[in-house]
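By convention in this document, chain letters (A, B, ...) are assigned in the order of the sequence lines, proteins followed by strands, and residues within each chain are numbered from 1. No experiment lies behind these values; they were computed from the predicted model shown.
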There are 2 protein chains.
Amino acid sequence: MVSSTVPPKAFIQQQNLAEQVADYLTQAIVKQHFLPGERLSEVQLSRDLGVSRAPVREAARLLESRGLLISKPRRGFFVRALNAVELEDVFDFRLCLERHAIHCLVGRYTPDAQRALKQQVEVLCEAAIGNDGTRRIEEDLQFHRLMLHYAGNERLLRAFNDLSHELRLCITLITKTHEAPDTIATSHFKLLDALDSGSPEACREAIDYHIGVARDSVVKGVGEIGVAY
Amino acid sequence: MVSSTVPPKAFIQQQNLAEQVADYLTQAIVKQHFLPGERLSEVQLSRDLGVSRAPVREAARLLESRGLLISKPRRGFFVRALNAVELEDVFDFRLCLERHAIHCLVGRYTPDAQRALKQQVEVLCEAAIGNDGTRRIEEDLQFHRLMLHYAGNERLLRAFNDLSHELRLCITLITKTHEAPDTIATSHFKLLDALDSGSPEACREAIDYHIGVARDSVVKGVGEIGVAY
DNA sequence: CGATTGCCGACTGTCGACAGTTTTACCACA
DNA sequence: TGTGGTAAAACTGTCGACAGTCGGCAATCG
């Protein structure tokens, strides 16, 4: 073999039908093509997507475990509708995860981690300036994923990833208001500063503030979306 | 209708085959009928249980989301094998959840909650004295579930329930040593005392101690169970 | 004798079909 | 017009079958 620049194989692996369906459904829900509380018919979906019901079921179960769908026995799947209380719960849970994460991270804040986070904030700022709402959200989530990652607990990261789907849902659904780029920037730079300071108290304060802002902007956006399911 | 003592219908609704299979698999894994790292064949299972592969697949996916199984594409499902690092992660994650929970709970510690927790500790002590290992674990988990419940965040409770399956796995697998009943009792009474005191610091200290003890007894039990999967 | 290639069995991913249940549409009747 | 009951339609839960893929084994080549 001569080729030394072969891309690392991740290229080929086409994903399952189930995963493709899951991606499609996630997109459709986030983009509100399916409304909160709406019922999803397995047969209809499988017809529309040109696959059998098996992958659809599997995808639906996956999204159920991620909190995007709810299944009622013998009734089918419904798009999750978050009420005000559940919205609070989501952000409270996020606070729980990130407080712990930043607490762990400050004790092991390597130059590597520092560099990666700084860079991601820059990418995020760029996205914010570019005024691309979807990308801004993704880069924002990615920053927090990085934080969780460098906190060093894989389990914690998994929990955040699960939550992030719900989070994306809340944010996309409710806040059409693009926050000003500099607001986003400063909010994240504060986190970096707190980490640099090495003070757990400062970190705690910074993350509380950070998530509080996000929560308020979402909660204020709508008192309640969707009702029953 | 005359019969006034009809059981509240939860009786009748036999759960899905999928759920039954999930319960069976969970039991089998916890009781080590399937060893960590072992591969589970869908066909074999469906033959053994007398059902088709569909419910088996569904159950396996559920257990995957709970962290009891791991799926490799086109290879099937494997019983999760926790190494030392992952074991630490599990207890660290538990600490994350329960710290937050007790922090929330102390601010809204109603007489109802107080009563329920006290009662559950008594039930737990009873189980501990009775020397029934399995029941002791279940009642212990139930106490913590109650704590999470009264903390008032449904999302938090769900996360704990997911984690509890892994937790049960660790505990059952590793600690054959039954802790002395009075150790268990005092450890839990300390939590109640801290809550009664109303001091967040005391609560934090109590929960850190409580989980630390559990973690040590598990980690010390075995440096590593299972290796690869 | 070691490494590579091709074949074989086993298994997963996917499919279409059937049965029981829930929902809906409709009609008789007050 | 409103109500109650019945029948049809639609859907989910479950099943067995088929095809593509993966791992292991044997035959082949260096």
Expected list for residues 120-128 of chain B: side-chain donor-acceptor pairs under 3.5 angstrom, two or more places apart:
{"unit_1": "B:Q120", "atom_1": "NE2", "unit_2": "B:E139", "atom_2": "O", "d": "3.0"}
{"unit_1": "B:Q120", "atom_1": "NE2", "unit_2": "B:E139", "atom_2": "OE1", "d": "2.8"}

Are any protein N/O atoms closer than 3.5 Å to N/O atoms in nucleotides 10-13 of chain D? If there are, list each pair with its distance.
{"unit_1": "D:dC11", "atom_1": "O3'", "unit_2": "A:R39", "atom_2": "NH2", "d": "3.4"}
{"unit_1": "D:dT12", "atom_1": "OP1", "unit_2": "A:E42", "atom_2": "N", "d": "3.4"}
{"unit_1": "D:dT12", "atom_1": "OP2", "unit_2": "A:E42", "atom_2": "N", "d": "3.4"}
{"unit_1": "D:dG13", "atom_1": "OP1", "unit_2": "A:R74", "atom_2": "N", "d": "3.2"}
{"unit_1": "D:dG13", "atom_1": "OP2", "unit_2": "A:R57", "atom_2": "NH1", "d": "2.8"}
{"unit_1": "D:dG13", "atom_1": "OP2", "unit_2": "A:R57", "atom_2": "NH2", "d": "3.2"}
{"unit_1": "D:dG13", "atom_1": "N7", "unit_2": "A:R53", "atom_2": "NH2", "d": "2.8"}
{"unit_1": "D:dG13", "atom_1": "O6", "unit_2": "A:R53", "atom_2": "NH1", "d": "2.9"}

Q) Whole-Å distance between D:dT14 C1' and B:E19 CD? A) 15 Å
Q: For D:dC15, take OP1 and OP2 only and decide whether either is under 4.0 Å from a side-chain N or O of B:S52.
A: yes
Q. Would you call B:Q44 and B:D48 a side-chain contact if the rule is heavy atoms closer than 4.5 Å?
A. yes
Q. Does A:H210 have its ring centroid less than 6.0 Å away from the ring centroid of A:H188?
A. yes
Q. Would you say the side chains of B:N153 and B:H100 form a donor-acceptor pair under 3.5 Å?
A. no
Q. Between A:R39 and A:R75, is there a donor-acceptor pair closer than 3.5 Å when you use the side chain of the first and the backbone of the second?
A. yes
